Amino acid sequence: QYRRKDLDNLSEGQVNFVNFLPSVNLAYKPKAQRTLDIDYAGRPVNPTLQQLQPIVTNTDPLNLLVGNPDLVQGFTHTMNMNIRDFKVLKSRFIALWGSLSATERAITSSSFVDAKGLRTTQFVNTDGNYNYNVRMMYNVQAFKRTNVGAQLGTQFNRYVNLVNGDRNVN
């Protein structure tokens, strides 16, 4: 809960957030040394007091920061999966794991740059921010007491903000 008292404009405000943190873990073990795990976790992303304050921060005259009292709480969903298989007698290990994370109503910046170079930035809520990664590993005994292995993976991140009213996707 945040309480705001603006002495310049003689206004007051209050913002309340409910933090809900769900999590679920499913584990399946069809055989000894073979497992499948799936995890889900959710977490709120609350705006900070500085992001909410509707007061212009002008410590740098070319870069003004304006708070946004209309920001709402974001929420990040994260899902992880992990598959492992180990053969003891062959000394072989195979693993596949990955994760996906997406944020609803992410708090991001919206900047407007005028013709004179003055940048005014305000925080806003937006959708479309997510990231994922996937990895695979294979490891086997090549010689006595010597294992060799390889790992392959990929990762992707997507971040959305606004520049002069246009969506900027990185």
Side-chain angles (χ1 to χ4, degrees), residues 2 15 17-52 57 60 63 65 67-68 70-113 119-170:
Y2 295 135
V15 180
F17 299 111
V18 174
N19 292 323
F20 179 61
L21 296 117
S23 68
V24 173
N25 174 276
L26 300 171
Y28 176 61
K29 202 169 189 174
K31 293 181 177 182
Q33 312 300 327
R34 184 177 290 172
T35 60
L36 166 65
D37 292 313
I38 298 174
D39 300 313
Y40 167 82
R43 68 176 174 81
V45 181
N46 295 325
T48 66
L49 191 55
Q50 291 77 15
Q51 292 169 333
L52 290 167
T57 303
D60 180 353
N63 294 292
L65 181 62
N68 182 356
D70 296 324
L71 280 176
V72 297
Q73 183 181 52
F75 196 84
T76 300
H77 303 273
T78 303
M79 176 86 73
N80 295 304
M81 181 205 54
N82 194 338
I83 300 170
R84 295 177 303 278
D85 184 45
F86 181 62
K87 300 287 186 202
V88 177
L89 296 177
K90 294 181 180 181
S91 189
R92 180 192 48 82
F93 178 72
I94 297 174
L96 173 67
W97 63 95
S99 70
L100 171 66
S101 181
T103 302
E104 296 177 70
R105 301 175 309 277
I107 299 169
T108 188
S109 63
S110 175
S111 296
F112 180 79
V113 181
R119 180 190 350 230
T120 303
T121 302
Q122 185 175 47
F123 293 97
V124 296
N125 293 101
T126 188
D127 286 318
N129 291 357
Y130 63 88
N131 63 65
Y132 67 81
N133 71 66
V134 177
R135 299 264 183 258
M136 186 176 96
M137 178 183 194
Y138 181 79
N139 193 321
V140 66
Q141 183 175 2
F143 308 103
K144 190 174 185 178
R145 297 185 185 177
T146 305
N147 284 26
V148 295
Q151 183 172 315
L152 181 65
T154 185
Q155 179 175 321
F156 182 82
N157 299 294
R158 184 175 192 262
Y159 178 75
V160 177
N161 63 357
L162 300 170
V163 178
N164 289 350
D166 294 326
R167 284 174 63 91
N168 180 44
V169 179
N170 297 300

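These numbers were taken from a predicted model, which means no experiment stands behind them.
The structure places OH of Tyr132 at 9.5 Å from CG of Leu100, a figure rounded to the nearest 0.5 Å. Atom CG of Asn129 is separated from atom OG of Ser101 by 9.5 Å, given to the nearest 0.5 angstrom. Rounding to the nearest 0.5 Å places CZ of Phe93 at 8.0 Å from CZ of Phe86. In this structure, the separation between CG on Asn131 and CG on Asn157 is 5.0 Å, given to the nearest 0.5 Å. One finds the OG atom of Ser110 at 11.5 Å from the CZ atom of Arg167 (value rounded to the nearest 0.5 Å). Note that CH2 of Trp97 and CG of Asn133 are 9.5 Å apart. Values are rounded to the nearest 0.5 Å.
Considering Ile107, Asp70, Asn68 as possible partners of Val124, the one that fulfils the side chain to side chain contact (heavy atoms under 4.5 Å, CB included) test is Asn68.
At least one side-chain heavy atom of Met81 sits less than 4.5 Å from a side-chain heavy atom of Leu36. Side-chain atoms of Phe75 and Arg105, non-hydrogen and from C-beta on, do get closer than 4.5 Å to each other. In this structure, the side chains of His77 and Glu104 come closer than 4.5 Å at one or more pairs of heavy atoms. Between Met79 and Ile38 the shortest side-chain heavy-atom distance falls below 4.5 Å.
In this structure, the side chain of Thr103 does not engage the main chain of Ala106 through any donor-acceptor pair within 3.5 Å. Arg158 places a side-chain N or O within donor-acceptor distance of the main-chain N or O of Gly128, the cut-off being under 3.5 Å. Checked by atom type and distance alone, the side chain of Thr108 pairs as donor or acceptor with a backbone atom of Val160 at under 3.5 Å. A donor-acceptor pair under 3.5 Å links the side-chain atoms of Asn125 to the main chain of Val72, judged by distance alone. Panel note: side chain Gln122, backbone Gly67; a donor-acceptor pair is recorded below 3.5 Å. Under a 3.5 Å cut-off, the side chain of Gln151 and the backbone N or O of Met136 do not form any donor-acceptor pair. Side-chain atoms of Asn164 come within 3.5 Å of backbone N or O of Val113 as a donor-acceptor pair.
Looking at residues two or more places apart in sequence or on another chain, you find a side chain to side chain contact (heavy atoms under 4.5 Å, CB included) between Lys144 and Gln141. Shown here are the side chain to side chain contact (heavy atoms under 4.5 Å, CB included) partners of Arg92, two or more places apart in sequence or in another chain: Asp85, Lys87, Lys90, Ile94, Tyr138, Val140. The side chain to side chain contact (heavy atoms under 4.5 Å, CB included) check on Asp60 picks up Leu62, Asn63, with sequence neighbours excluded.
In terms of heavy-atom proximity, Pro22 sits nearest to Tyr40 at CG-CE2, 4.0 Å. Annotation for Gln73 and Pro44: closest pair NE2-CB, 3.3 Å, computed over non-hydrogen atoms. For the pair Phe123 and Leu71, the tightest heavy-atom approach, listed with the atom from each and the gap, is O-CD2, 3.5 Å. Shortest non-hydrogen contact noted between Gln51 and Pro47 is OE1-CA, 3.3 Å.
Around the CG atom of Leu152, the shell of radius 6.0 Å holds no more than 12 heavy atoms that belong to other residues, nucleotides or ligands. The 12-atom threshold is exceeded at CZ of Phe156, counting heavy atoms of other residues, nucleotides or ligands nearer than 6.0 Å.
Between the side chains of Asn19 and Asn46, at least one donor N or O lies within less than 3.5 Å of an accepting N or O. No hydrogens or angles considered: a donor-acceptor pair under 3.5 Å links the side chains of Thr35 and Arg84. No donor-acceptor contact under 3.5 angstrom links the side chains of Ser109 and Thr121, judged on distance only.
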| message | Could you walk me through whether Asp39 and Thr78 satisfy the side chain to side chain contact (heavy atoms under 4.5 Å, CB included) test, starting with their C-alpha distance in whole Å, then the side-chain angles of each, then the deciding distance to 0.1 Å, before giving a yes or no? | response | CA-CA 8 Å; Asp39 300 313; Thr78 303; over 6 Å; no
